[in-house]
2 protein chains.
Amino acid sequence: MSPIPSGIPTAGDGLRRRVARLVVVRASGHLADGQRRYPRWELDNASLQRLLASGVGGVILLGGSAAELSLRTRQLQSWAEEPLLFCADVEEGVGQRFEGASWLVPPLAVGRIHADDPDAALDLAERYGRCTGREARQLGLNWVLGPVCDVNNNPANPVINVRAWGEAAASAGALAAAFTRGAQAEGVLCCAKHFPGHGDTSSDSHLELPLLPHRRERLETIELPPFRAAIAAGVASVMTAHLLLPELDPERPATLSAAVLSNLLRGELGFEGLVVTDALVMEAIAGQYGAGEAAVMALEAGADLVLMPADADAAIDAIVAAVQEGRLTEARLEASLERRQQALARIVAPADPGSPGAPLGSLSNGPASADQDLALELVQRSLEHRGHGLPPAVSGTNLIRLDSSLGCPFLPALAPAIELPAAAGYRPVLLDCRSPSAWTNEPEAPLALDRLDPGPVLLQLFVRGNPFRGSADGLEAWPSLIRQLLAADRLAGLTVLGSPYLWQALRPLLPPDLPAAYSPGQMPLAQQEVLRALGLGGTARAGDFTD
Amino acid sequence: MSPIPSGIPTAGDGLRRRVARLVVVRASGHLADGQRRYPRWELDNASLQRLLASGVGGVILLGGSAAELSLRTRQLQSWAEEPLLFCADVEEGVGQRFEGASWLVPPLAVGRIHADDPDAALDLAERYGRCTGREARQLGLNWVLGPVCDVNNNPANPVINVRAWGEAAASAGALAAAFTRGAQAEGVLCCAKHFPGHGDTSSDSHLELPLLPHRRERLETIELPPFRAAIAAGVASVMTAHLLLPELDPERPATLSAAVLSNLLRGELGFEGLVVTDALVMEAIAGQYGAGEAAVMALEAGADLVLMPADADAAIDAIVAAVQEGRLTEARLEASLERRQQALARIVAPADPGSPGAPLGSLSNGPASADQDLALELVQRSLEHRGHGLPPAVSGTNLIRLDSSLGCPFLPALAPAIELPAAAGYRPVLLDCRSPSAWTNEPEAPLALDRLDPGPVLLQLFVRGNPFRGSADGLEAWPSLIRQLLAADRLAGLTVLGSPYLWQALRPLLPPDLPAAYSPGQMPLAQQEVLRALGLGGTARAGDFTD
């Protein structure tokens with residue numbers, strides 16, 4: 001808790017307010033404390049109100065619908081005396097996080113189009129940015145935490161995967177730049193991340209500190225070009241990575257390293273915009289250095305803003321003390337404040353402020369028609385399919401693998417992945433982290449077939465590299481399962497939604513005429529198109545009308 | 001589609017607008033068409049805008065958060081020229097349907113308190129009404145579709161169950177009246193339902209027409225007293241039941257019966273307020289009579305408003321034609337319009353209109369403190385428990401039965417029912433309508449124990465009589481399962497959340513010291529208190545901070 005009473009300006013208070021502006025705290029996009037999905041990480045309203053009144057300058061938001069977010073950003077702004085930065089990880093469209101806005105296929109889908117048709121991919125990436133920037137701004141966000149500039153050249157990467165714009169440096173850079181131009185033209189700030197490159201890691205920086213053993217020449221070839229491209233495109237901010245690059249700094253992770261942030265990013269790459277840390281609360285930083293010291297070290301290293309410190313008051317107090325002790329100079333502090341001010345000056349208010357009849361302006365009835373077209377075009381262009389139509393079934397099973405069915409944003413009860421197969425006779429069975437076991441102990445026949453209905457099986461795999469969850473577990477013997485179902489003459493079709501690497505691994509196992517399709521997206525629109533490619537479609541079953 | 005161009009008043013148009021005022025259409029509480037959970041039942045925005053502009057006078061809402069609903073009601077009102085009726089089935093608090101408001105234990109919990117402590121129960125029922133009325137009004141609703149006045153004297157009833165205020169006529173009536181006084185004192189209308197009594201039915205009127213074979217004397221004893229009590233308390237409206245009472249009308253269901261609505265309700269019971277049908281789209285009505293004819297028959301019988309006709313335009317056109325043909329008189333139409341006007345005149349605007357910093361007024365940070373206290377008091381007073389504390393486990397299983405884990409409002413990923421047992425070593429396994437089978441074919445050993453971890457089992461049953469879902473299925477051999485787990489020395493504890501009848505059936509099977517608890521509520525607060533009664537509590541595991 002701050003020991004300084006609010007509303008009484010003093011010299012110390014003035015310094016504390018200026019320092020507080022450099023801190024970005026985490027809030028739920030829901031209005032009420034009781035609606036928070038992650039109460040350990042999302043500050044309660046009393047804390048937010050106090051911190052914003054004391055000068056905290058930014059908020060990162062997660063959760064809630066587009067409608068709720070629009071009220072929430074106004075609410076949070078009303079608790080502050082100066083304009084706030086409002087950011088969110090809307091890397092895959094605003095609808096990825098806030099229902100009611102556009103949810104687009106992950107960027108890697110565009111990266112793959114780029115290989116065949118670079119002009120089309122660049123156009124799609126810029127429209128992707130336009131859509132994201134415009135919708136973000138409409139809901140009160142002014143800072144899009146994208147593009148991911150990491151080159152996903154390691155399929156085992158658990159945190160980047162389809163979030164990257166490419167698997168090669170050139171396409172990732174060109175597309176990230178196009179996205180940046182599109183989004184920033186709509187009046188929001190973008191953020192190139194995670195500097196100097198998080199694509200070639202196979203451990204999860206949310207849990208431990210990954211190590212990037214590459215030499216400087218290799219960084220010049222793979223990791224740095226997308227950041228150079230985004231900077232050339234005028235990206236307003238860069239986010240640091242929590243990873244260790246012994247070649248550049250044998251001791252400190254990039255987030256806390258002057259060699260990485262000051263020498264490389266500011267010096268060699270000439271970046272003059274805002275440098276923001278990744279979430280300091282992540283174990284790789286908070287566990288090692290503590291909330292206050294980590295924030296001071298980040299500023300010392302060259303960061304301007306500190307994101308999600310484990311304790312905002314401790315971070316502010318530690319930075320204040322560092323300035324008072326001369327560890328950080330006033331000039332250093334002023335430079336960061338000035339860069340923040342310049343970034344704020346680039347932000348444009350939405351053209352369309354909303355009204356009772358259209359409270360979210362152009363988003364009041366969901367995405368604009370052009371953005372719906374973009375979402376569909378992205379799904380259709382990135383879809384892969386083969387084989388013939390899925391046959392109608394009697395006693396068929398629609399075996400769906402997903403991480404968690406609780407609060408699953410892409411699988412409402414009437415999702416196409418459930419409804420369309422049901423209409424063709426495939427009853428849904430969901431395998432998730434809380435299902436009763438459907439598995440045997442036999443590696444070559446892993447599924448207990450007697451626990452399913454006797455008919456054909458449509459296998460649908462929602463898998464992507466997710467932080468915290470790992471990319472696979474011992475039960476996910478998908479190749480064995482496919483061989484088992486084929487041997488039993490029970491495999492009717494396969495869909496993969498998410499990881500292209502899983503699709504690539506499974507596709508060769510299939511007979512050429514077996515209906516199968518892949519989309520990088522997992523959202524209902526991707527489900528609909530994937531199943532349409534398998535010959536399912538038309539009218540979905542209507543559900544119960546109330547309960 | 002209406003053949004009459006909007007904005008050009010004609011004599012026919014004038015009649016059509018007046019008729020349209022008597023129609024209540026269904027809308028999602030979400031802003032965008034794409035967010036609708038039940039698109040077959042929830043009109044799209046273009047249809048809503050057209051119908052409201054053409055004079056449709058009411059909307060029933062379902063889905064969306066409290067924040068979204070507050071924008072939605074303003075949006076819908078802006079599309080109409082005259083004040084609208086906004087109603088919702090918020091029988092168990094506004095938070096039952098709209099997250100962010102108070103979610104209270106079902107009314108039957110209060111009915112059971114009434115048996116022991118009638119004064120306390122009456123006080124709770126009135127506060128229940130106050131809370132519901134105030135929160136409804138704050139979000140733009142002005143018509144609470146409660147209290148249920150059905151006497152739940154048939155435990156097999158699939159649609160009423162815990163929604164009723166009592167299992168006996170006297171307590172149901174007294175409590176329904178207290179709820180009505182409380183809610184209407186906050187400036188909303190209430191609705192006593194489902195006239196003349198839906199408590200003693202064992203089939204689901206959503207799917208077929210139930211028959212109530214009772215003689216008139218029996219109706220006087222059981223079914224009618226709660227309606228008399230609500231009417232005496234000044235209830236503004238009464239909703240009709242879709243069921244057949246051969247004693248009163250051998251041909252027509254109550255909703256369409258002049259004997260029931262005009263003779264009994266208006267005549268004998270002297271009700272002078274609004275009579276509204278239950279949803280005409282229900283199969284028992286729409287399937288039999290068609291959208292237009294059902295609406296005409298309801299008005300002929302004595303209803304004032306028609307709720308959710310299967311086709312609003314067809315209903316309006318049919319009523320217009322019936323007036324033009326003299327089947328319905330102008331006087332009859334005017335009487336209903338006059339009653340609607342009088343009801344509207346009773347509605348009070350919320351005291352607290354909202355601001356950017358508090359967009360939902362007193363609901364901006366969730367329920368007011370007094371309402372949170374009420375919610376907790378209701379849970380605590382209706383909780384039953386026995387036995388000792390649940391022992392910590394190694395490899396324990398938390399076996400949770402629920403209808404559906406997809407979009408489940410009471411089971412977010414960090415719900416107490418999952419987190420609290422996990423902290424004590426019980427890993428969650430969810431059994432729902434889409435789980436892989438956990439069952440054997442042996443009636444006396446129904447659960448395949450080898451599909452669970454080897455340790456003790458905490459069994460948690462979320463079961464209540466739900467429309468469409470039935471109250472049980474062949475797999476729900478809970479008594480056998482409990483005997484099986486006891487025989488294997490694997491049953492560590494039992495919770496039942498929902499139906500008191502299931503709890504009553506299972507309780508005698510338990511050894512006296514086995515930890516077990518029951519709540520009529522299923523929401524997170526009920527889970528927390530039920531598990532606290534089993535000795536679990538303290539800090540829930542914190543979840544991942546992002547994905």
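The sequence lines fix the lettering, A, B, ..., with proteins before strands; numbering per chain opens at 1.
- Ionic pairing of A:R37 and B:E99 is present here: one or more N-O contacts between side-chain nitrogen and carboxylate oxygen are shorter than 4.0 angstrom.
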side-chain contact (heavy atoms from CB on, under 4.5 Å) between B:R427 and A:R434, intermediate numbers included: CA-CA 8 Å; B:R427 201 173 71 82; A:R434 300 183 194 87; over 6 Å; no
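- Heavy-atom pairs under 4.5 Å with chain B peak, among A:R451, A:Q49, A:R72, A:R74, at A:R451.
- When A:S355, A:S78, A:G357, A:G100 are compared by the number of non-hydrogen pairs under 4.5 Å with chain B, A:G357 comes out ahead.
- Contacts between A:S437 and chain B at a heavy-atom distance below 4.5 Å involve backbone atoms as well as side-chain atoms.
- Put simply, the side chain of A:I418 reaches to within 4.5 Å of the side chain of B:L406, judged on heavy atoms.
- Taking A:A67 as the reference, A:S65, A:L360, B:L31, B:E68, B:L71 meet the side-chain contact (heavy atoms from CB on, under 4.5 Å) condition, with sequence neighbours excluded.
- The minimum heavy-atom distance between A:D33 and B:N365, with the atom names listed, is N-OD1, 2.7 Å.
- Put simply, of B:P412, B:S364, B:C408, the one with the most heavy-atom pairs under 4.5 Å next to chain A is B:S364.
- Ranked by heavy-atom pairs under 4.5 Å with chain A, the first of B:S405, B:C433, B:G407 is B:S405.
- Across all non-hydrogen atoms, the minimal contact from B:V429 to A:S435 is CG1-C, 4.1 Å.
- Looking at A:S70, only its side chain comes within 4.5 Å of chain B, counting heavy atoms on both sides.
- With chain A as the partner, the residue from B:G354, B:A413, B:G366 showing the most heavy-atom pairs under 4.5 Å is B:A413.
- The side-chain heavy atoms of B:L431 and A:P436, taken from C-beta on, include a pair separated by under 4.5 Å.
- Using a 4.5 Å cut-off between heavy atoms, B:P359 contacts chain A through its side chain alone, with no backbone atom that close.
- Counting non-hydrogen atoms of neighbouring residues, nucleotides and ligands closer than 6.0 angstrom, the CG atom of B:D450 exceeds 12 such neighbours.
- Interface remark: of the candidates B:Q77, B:H30, B:Q75, B:Q75 forms the most heavy-atom pairs closer than 4.5 Å to chain A.
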